[in-house]
> 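Once you've had a glance at the structure underneath, I'll fire off some questions.
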Amino acid sequence: MIVSVRNLRDNMGVDEKIARFFVDRKVPAGNAFWNKRLLYINRGNGYVSIPVYYDILFRMGIPQNVLLAEEHIQFMEQVMHYAIQHEMGEISFQTQIESIQNLLIGRLKNSDFYGELLLYLAQKELKPLGKLGMEVPALNRADVFLFILCDLPLAEPQNQLAVTYWSALHSTYLLMDDINDYQFDKQNSDENAIMELGDDKDGFSKAFSILNTNITVLEEINTSIAQWFKKSLDNLTKLVP
C-alpha cells in the first residue's frame, strides 16, 4: 500500500501541504533510515509518524515555514540516520548522541529543552525524568527523535505539549508494532513492550490500556488520527493470544 497525500489527509488529518511535502520529497542519498527505499513515506509506522508528528507541531502553532525549512528537515533526516545506525549496531549509543550534538553546534534554538533531553538520554536505562519518558523502557526506545525539538524555537509550554503528544503518538506506534511482532520477538528475545508489561494476557491488557489513554490524549489535538488508531485497535485485538 502506497501512503498517499489523500490517505494522510483524509484518514489521519495531516494538513495537505505537510502531507504533500513529505510524500513528494526525494529519499535522502546515503541515509541509513531510508536505505534502499524508493519512497520517502513508506508503509512502516516509523515513516508515517513523521508527517503525523509534524502536523501535530503545526497544530500547536509552529509555522509551516519553520517546520518545513530545508535546513531543519535535513537535520531531522540526519537524526534518523544516526538512530537507525545505532539500532542496527553500527554505532554505539554514545556515538549516536555525540554525532547529533555536533549537528547542533551553532544552531541550537531550544537550549533549555536540549539540556533536559541530554540528562534524560544519559541514563543507562531510559526511565521517566521530568517531562520525558514513559514507565515502560521499551516505549522510550525512539526518544532520540526528540532532538528535532532542539532545532525549533519552542517556548516551555510548547515543549511540554510537544513531548506529551510525542509520547502518546509514538508509544502507540511502538505498541502496535510490538503487538504485531510479539511472537517473533519472544522467540528471538528481542525488546518488546508487551513482555515488559507482564507478557501474555496481562501484558496485552496493559498495552491496550495505554493505547486507549494515548488515543484520548491525541483526540485533544487531532481527532482524525485518534479515530484512525481506534479502528486499528479493532484489528489488533485479534492478535491477542
Side-chain angles (χ1 to χ4, degrees), residues 3 12 22 28 31-35 37 40-57 73 75-101 103-104 113-114 116-152 159 161-182 185 190-197 207 210-211 213-215 217-218 225 229 232:
V3 180
M12 303 180 196
F22 286 111
N31 191 300
F33 184 70
W34 281 272
N35 183 36
R37 301 281 180 170
Y40 195 92
I41 302 300
N42 293 275
R43 188 177 179 181
N45 288 337
Y47 299 96
V48 175
S49 66
I50 295 173
V52 174
Y53 187 60
Y54 271 84
D55 176 75
I56 286 175
L57 294 175
I73 294 300
F75 169 74
M76 178 272 289
E77 291 168 348
Q78 281 299 113
V79 170
M80 299 305 294
H81 172 71
Y82 292 127
I84 202 68
Q85 280 192 319
H86 169 63
E87 185 177 316
M88 295 170 65
E90 295 177 3
I91 61 174
S92 67
F93 185 82
Q94 188 58 36
T95 297
Q96 171 194 211
I97 300 302
E98 290 174 356
S99 298
I100 297 171
Q101 285 183 279
L103 293 175
L104 284 165
F113 180 74
Y114 178 67
E116 290 181 60
L117 184 58
L118 287 178
L119 284 174
Y120 166 69
L121 293 173
Q123 300 178 102
K124 289 185 178 180
E125 183 179 52
L126 296 185
K127 295 181 178 180
L129 183 65
K131 66 171 71 71
L132 293 159
M134 299 188 71
E135 292 292 340
V136 183
L139 296 180
N140 299 326
R141 63 186 188 264
D143 283 354
V144 165
F145 186 79
L146 288 171
F147 271 111
I148 72 159
L149 301 181
C150 302
D151 191 54
L152 296 169
N159 285 330
L161 283 175
V163 170
T164 296
Y165 292 133
W166 160 262
S167 297
L169 179 70
H170 214 70
S171 66
T172 296
Y173 282 124
L174 289 174
L175 279 170
M176 289 170 61
D177 283 342
D178 284 356
I179 290 170
N180 275 301
D181 298 340
Y182 171 72
D185 289 345
D190 289 338
E191 187 175 31
N192 188 295
I194 309 303
M195 289 182 275
E196 287 190 12
L197 284 164
I210 293 171
L211 287 168
T213 298
N214 287 349
I215 289 170
V217 171
L218 291 170
I225 193 63
F229 280 137
S232 299

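In what follows, residues are counted from 1 in the order of the sequence shown. When reading the values below, keep in mind they use all heavy atoms of this one structure, side chains included, and skip hydrogens, waters and symmetry mates.
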> So do the side chains of I179 and L211 get within less than 4.5 Å of each other, counting heavy atoms only?
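Contact flag for I179/L211 side chains = yes.
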> With sequence neighbours excluded, give me every salt bridge (charged side-chain N to carboxylate O under 4.0 Å, His left out) pair touching residues 134-143.
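Residue pairs passing salt bridge (charged side-chain N to carboxylate O under 4.0 Å, His left out), neighbours aside: R141-D178.
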> Under the side chain to side chain contact (heavy atoms under 4.5 Å, CB included) rule, what do K127 and M134 come out as? Steps first, then yes or no, please.
CA-CA 6 Å; K127 295 181 178 180; M134 299 188 71; over 6 Å; no
> Do you know the tightest heavy-atom contact between L139 and S171?
CD2-O, 4.0 Å
> Can you label the angle between the W166 ring and the F145 ring as parallel, tilted or perpendicular, going by 30° and 60°?
parallel
> Are the side chains of V48 and M12 in contact, using a 4.5 Å heavy-atom criterion?
yes
> Flag the pair Y182 / M195 as yes when at least one side-chain heavy-atom distance between them is below 4.5 Å, and no otherwise.
yes
> If you look at every heavy atom in L103 and Q78, which pair is closest and at what distance?
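What the structure gives for the nearest pair is CD1-CB, 3.5 Å.
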> Rounded to the nearest 0.5 Å, what separation is found between the CG atom of L174 and the CG atom of N192?
10.0 Å
> If you look at every heavy atom in N214 and A168, which pair is closest and at what distance?
ND2-O, 3.3 Å
> Is the H81-F33 ring centre distance short of 6.0 angstrom?
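Ring-ring flag for H81/F33: false, centres at least 6.0 Å apart.
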> Might you point out which heavy atoms bring E196 and P137 nearest each other, and give the distance in Å?
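Heavy-atom minimum between the residues: OE1-CD, 3.1 Å.
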> After noting the C-alpha distance and the side-chain angles of L118 and Q101, does the key distance pass the side chain to side chain contact (heavy atoms under 4.5 Å, CB included) rule?
CA-CA 9 Å; L118 287 178; Q101 285 183 279; 3.6 Å; yes
> Compare all side-chain heavy atoms of K131 with those of E116 and state whether any distance is below 4.5 angstrom.
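Counting from C-beta outward, K131 and E116 do come under 4.5 Å.
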> Counting only N and O atoms by type, is there a donor-acceptor contact under 3.5 Å from the side chain of D55 to the main-chain atoms of P51?
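Checked: no pair found.
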> Rounded to the nearest 0.5 Å, what separates atom CD1 in I56 from atom CG in L218?
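It is 5.5 Å, given to the nearest 0.5 Å.
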> Do H170 and S49 have side-chain heavy atoms sitting under 4.5 Å apart?
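The answer is yes, as the side chains (C-beta and beyond) meet within the 4.5 Å cut-off.
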> Does Y40 have any side-chain hydrogen bond (donor to acceptor under 3.5 Å, both in side chains) partners at least two apart in sequence or in another chain, and if so, which?
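Per chain and number, Y40 pairs via side-chain hydrogen bond (donor to acceptor under 3.5 Å, both in side chains) with E77.
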> If you take all heavy atoms of A162 and L149, which pair is closest and at what distance?
CB-CD1, 3.8 Å
> For the residue pair M80 and W34, establish whether any side-chain heavy-atom pair is separated by less than 4.5 Å.
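Yes - at least one pair of side-chain heavy atoms lies under 4.5 Å apart.
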> Does T164 have any side-chain hydrogen bond (donor to acceptor under 3.5 Å, both in side chains) partners at least two apart in sequence or in another chain, and if so, which?
Q160
> Could you tell me if the side chain of C150 sits less than 4.5 Å from the side chain of L104, heavy atoms only?
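Yes. Closest side-chain heavy atoms under 4.5 Å.
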> Supply the atom-to-atom distance F229 CZ to L175 CG, rounded to the nearest 0.5 angstrom.
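Result: 10.5 Å between the selected atoms.
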> Before giving the answer on ring pair (Phe, Tyr, Trp, His ring centres under 6.0 Å), spell out for Y82 and F147 the whole-Å C-alpha distance, their side-chain angles and the decisive distance to 0.1 Å.
CA-CA 12 Å; Y82 292 127; F147 271 111; over 10 Å; no
> So how far is it from E98 CD to S92 OG, rounded to the nearest 0.5 Å?
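Taking CD in E98 and OG in S92, the distance rounds to 7.0 Å.
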> Hey, does the side chain of H86 reach the backbone of F93 with a donor-acceptor pair shorter than 3.5 angstrom?
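It does hold such a pair.
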> Write down the atom of Y53, the atom of L169, and the distance for their closest heavy-atom approach.
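Taking Y53 first and L169 second, the nearest heavy atoms are CB-CD2, 3.8 Å.
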> Between D185 and E191, is there a side-chain heavy-atom distance shorter than 4.5 Å?
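Answer no - side chains too far apart.
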> Under the side chain to side chain contact (heavy atoms under 4.5 Å, CB included) rule, what do V144 and L117 come out as? Steps first, then yes or no, please.
CA-CA 9 Å; V144 165; L117 184 58; over 6 Å; no
> In Å, rounded to the nearest 0.5 Å, how long is the span from CG of N140 to OG of S167?
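So the CG of N140 and the OG of S167 are separated by 7.5 Å.
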> Working to the nearest 0.5 angstrom, can you tell me the gap between I50 CD1 and N45 CG?
11.5 Å
> Determine whether I210 and L197 satisfy the following criterion, side chain to side chain contact (heavy atoms under 4.5 Å, CB included), listing intermediate values before the conclusion.
CA-CA 10 Å; I210 293 171; L197 284 164; 4.0 Å; yes
